[in-house]
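The structure appears below as structure tokens.
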Number of protein chains: 2
Amino acid sequence: MVADARVYEELKANILRGDYSPRQRLVEAELCEEFEASRFAVRAALQSLEADGLVERQRNRGARIREISLEEAVEITEVRMVVEGLVARRAAERVTDAQAATLREIGAAMRVAVASGDVGAYGDLNVRLHQTVREIASHAKATGIIARLHGQMIRHQFAMSRLPGRSSVSVVQHEAIIDAIAARDPDAAESAMRAHIASVIEALRTIAEADVRRG
Amino acid sequence: MVADARVYEELKANILRGDYSPRQRLVEAELCEEFEASRFAVRAALQSLEADGLVERQRNRGARIREISLEEAVEITEVRMVVEGLVARRAAERVTDAQAATLREIGAAMRVAVASGDVGAYGDLNVRLHQTVREIASHAKATGIIARLHGQMIRHQFAMSRLPGRSSVSVVQHEAIIDAIAARDPDAAESAMRAHIASVIEALRTIAEADVRRG
DNA sequence: CACGACAATATTGTCGACAATCTAGTTGCT
DNA sequence: AGCAACTAGATTGTCGACAATATTGTCGTG
């Protein structure tokens with residue numbers, strides 16, 4: 001693999017894993033050591049990560065992990081709401097029987113995870129459900145935008161998954177999405193997906209209020 | 001202005017103006033001459049334009065203007081449909097009386113442009129209407145995504161504005177959008193905007209069919 | 001004429017070195 | 001102690017040069 005692509009992939013993976021704090025400095029020389037690459041490769045990777053909205057660079061001051069405010073997180077989620085609504089709609093238009101069965105399996109596994117309080121498994125299934133819907137929809141542009149926005153939300157995603165009762169609310173919403181897609185009802189699928197993500201926005205606002213209260 | 005930012009802005013403006021053909025080579029050395037900048041600046045600009053989806057670069061083979069197929073144009077427009085729907089919804093939630101009056105003025109000017117067959121003026125008003133809606137909505141993320149997608153559509157935009165009867169169809173749709181926003185009806189605003197852009201998708205399909213017929 | 005092989009030229013990829021800028025620490029003064 | 005000025009070190013910005021790769025042109029052969 002070419003050096004700059006490698007640095008980009010690895011550094012992005014590290015960022016998405018939450019290895020860095022918001023505003024943390026990313027010093028070129030350190031990255032060169034860490035990834036055993038030249039400054040050329042590191043700089044190219046940083047530029048790409050900046051284009052992804054994960055990193056901000058300021059002239060003569062280097063790169064930092066970009067901080068995503070809750071305000072921005074809400075806007076990102078609003079955009080995701082409508083774009084993922086489009087994806088759900090399209091999935092409902094295209095779903096095969098086999099794909100519908102897969103969705104149902106995921107839904108059943110979610111029920112199990114919620115009942116047993118397994119937040120980690122639930123999170124994985126959540127990711128898997130959304131991914132499956134996107135695969136069924138097969139809409140490259142929408143998928144690309146969702147991926148990009150998702151990367152910017154990683155920090156808030158974690159906070160939300162830890163919200164008490166979050167998974168018992170969302171499992172019902174996930175099931176509504178699955179039902180609508182399996183029923184090949186585009187309008188219902190879009191509505192269900194939007195309602196689900198609207199509740200994510202509410203959850204974000206809940207966190208925002210708690211933060212204000214906590215000072 | 002810093003060289004790479006300048007090259008980026010100018011080259012992007014040239015691309016958006018339609019100065020280049022799809023797949024046209026962008027040779028670094030030539031760009032260096034044209035913009036009187038170093039290769040460093042030119043390469044940085046090209047990388048940014050690649051991130052914008054306007055240019056594609058292939059290792060050891062340089063940069064080209066990225067060709068946007070009609071298929072991709074349709075997908076782009078579908079995403080725009082839902083994102084601009086969100087923007088219209090939000091504009092309806094936030095619009096002031098003064099802003100509503102501005103929208104109405106634009107709508108009236110559009111009527112005049114259509115009646116007099118002034119396609120160029122109509123195009124400008126079209127741009128202005130959408131921009132005004134975005135300003136009212138004041139949704140940074142949505143606006144950013146729309147701008148980025150718009151850049152990728154520039155070639156198809158031109159073909160569409162030349163479609164016979166296109167402006168008389170869209171002027172009615174624009175008025176519906178204006179009415180709904182001025183009435184502060186988010187649902188109606190979103191529906192009107194989506195209907196408008198859905199008809200853009202149909203127009204794209206019309207072009208695609210004509211192209212197939214023409215061979 | 002068409003095709004393959006090879007050379008020449010064009011172009012891109014990348015490096016090390018140096019210049020420019022910023023930040024942190026030290027010193028001197030009030 | 002607080003502040004300003006200065007210095008040293010850290011870091012980023014950018015260049016020219018060279019290596020690597022792709023493309024084009026030329027030549028020879030059938």
Side-chain angles (χ1 to χ4, degrees), chain A residues 1-16 18-68 151-152, chain B residues 1-69 151-152:
Chain A
M1 188 182 254
V2 185
D4 56 346
R6 179 175 60 82
V7 175
Y8 169 73
E9 295 294 345
E10 289 178 13
L11 184 47
K12 186 174 182 180
N14 293 351
I15 292 169
L16 294 190
D19 288 2
Y20 299 100
S21 308
R23 311 283 299 142
Q24 185 170 340
R25 282 281 285 111
L26 301 175
V27 180
E28 288 176 6
E30 287 168 17
L31 296 177
C32 290
E33 279 183 43
E34 184 180 345
F35 295 101
E36 296 182 340
S38 69
R39 271 185 77 212
F40 183 84
V42 165
R43 290 179 67 83
L46 285 174
Q47 187 172 354
S48 293
L49 289 165
E50 185 183 23
D52 286 347
L54 299 180
V55 158
E56 65 188 359
R57 293 194 304 171
Q58 225 177 351
R59 188 173 180 84
N60 291 321
R61 285 159 170 254
R64 284 182 188 281
I65 297 294
R66 191 163 82 83
E67 177 161 30
I68 314 289
Q152 298 174 18
Chain B
M1 189 183 254
V2 183
D4 56 346
R6 181 176 59 81
V7 174
Y8 169 74
E9 297 292 347
E10 289 177 14
L11 183 48
K12 185 173 180 177
N14 293 350
I15 292 169
L16 294 190
R17 209 170 43 226
D19 288 358
Y20 298 99
S21 307
R23 310 283 299 143
Q24 183 167 341
R25 281 281 283 114
L26 301 175
V27 179
E28 289 175 7
E30 287 168 20
L31 296 176
C32 290
E33 279 184 44
E34 183 179 346
F35 295 99
E36 295 182 338
S38 69
R39 271 184 77 211
F40 183 84
V42 164
R43 291 180 64 83
L46 285 174
Q47 185 169 356
S48 293
L49 289 165
E50 183 182 27
D52 287 348
L54 298 180
V55 159
E56 66 187 359
R57 291 193 304 168
Q58 226 176 348
R59 188 171 181 82
N60 291 323
R61 290 161 167 250
R64 288 184 185 278
I65 299 293
R66 191 163 81 87
E67 176 161 32
I68 313 290
S69 68
Q152 298 173 19

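A note on names: the letters A, B, ... follow the listed sequences, proteins ahead of strands, and every chain is numbered from 1.
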More 5' along DNA chain C: A:Ala41 or A:Asn60, using each one's nearest nucleotide? A:Ala41
Return the 5'-most residue of the pair A:Arg61, A:Ala37 with respect to DNA chain C, ranking by each residue's nearest nucleotide. A:Ala37
Applying side chain to side chain donor-acceptor pair (under 3.5 Å) between B:Glu56 and each of B:Arg61, B:Arg66, B:Arg23, report the one that passes. B:Arg23
Is it the case that atom CD in B:Gln24 sees more than 12 heavy atoms from other parts of the structure closer than 6.0 Å? yes
Find the distance [X]:[atom1] to [N]:[atom2] and express it as a whole number of Å.
X	N	atom1	atom2	result
A:Arg43	C:dG13	CZ	P	17 Å
A:Glu28	C:dT21	CD	P	16 Å
B:Arg39	D:dG13	CZ	C1'	16 Å
A:Phe40	D:dG16	CZ	P	16 Å
B:Gln58	D:dA22	CD	P	10 Å
A:Asp4	D:dA20	CG	C1'	15 Å
B:Glu33	C:dT11	CD	C1'	13 Å

With heavy atoms under 4.0 Å as the rule, sort A:Arg57 into base, sugar-phosphate or nothing. nothing
With sugar-phosphate meaning primed atoms plus P, OP1 and OP2, does A:Arg59 contact a base, only sugar-phosphate, or nothing at under 4.0 Å between heavy atoms? sugar-phosphate
Using every non-hydrogen atom in the two residues, find where B:Gly53 and B:Ile68 come nearest and quote the distance to one decimal. O-CD1, 4.3 Å
Restricting to non-hydrogen atoms, name the atom on A:Arg43 and the atom on A:Arg57 that form the minimum distance, rounded to 0.1 Å. O-NH1, 3.9 Å
Nearest-neighbour nucleotide for the A:Ser38 side chain, C:dC15, D:dT12, D:dG13 considered: C:dC15
Between D:dT12, C:dT12, D:dT14, which nucleotide has the shortest distance from any of its atoms to the side chain of B:Val27? C:dT12
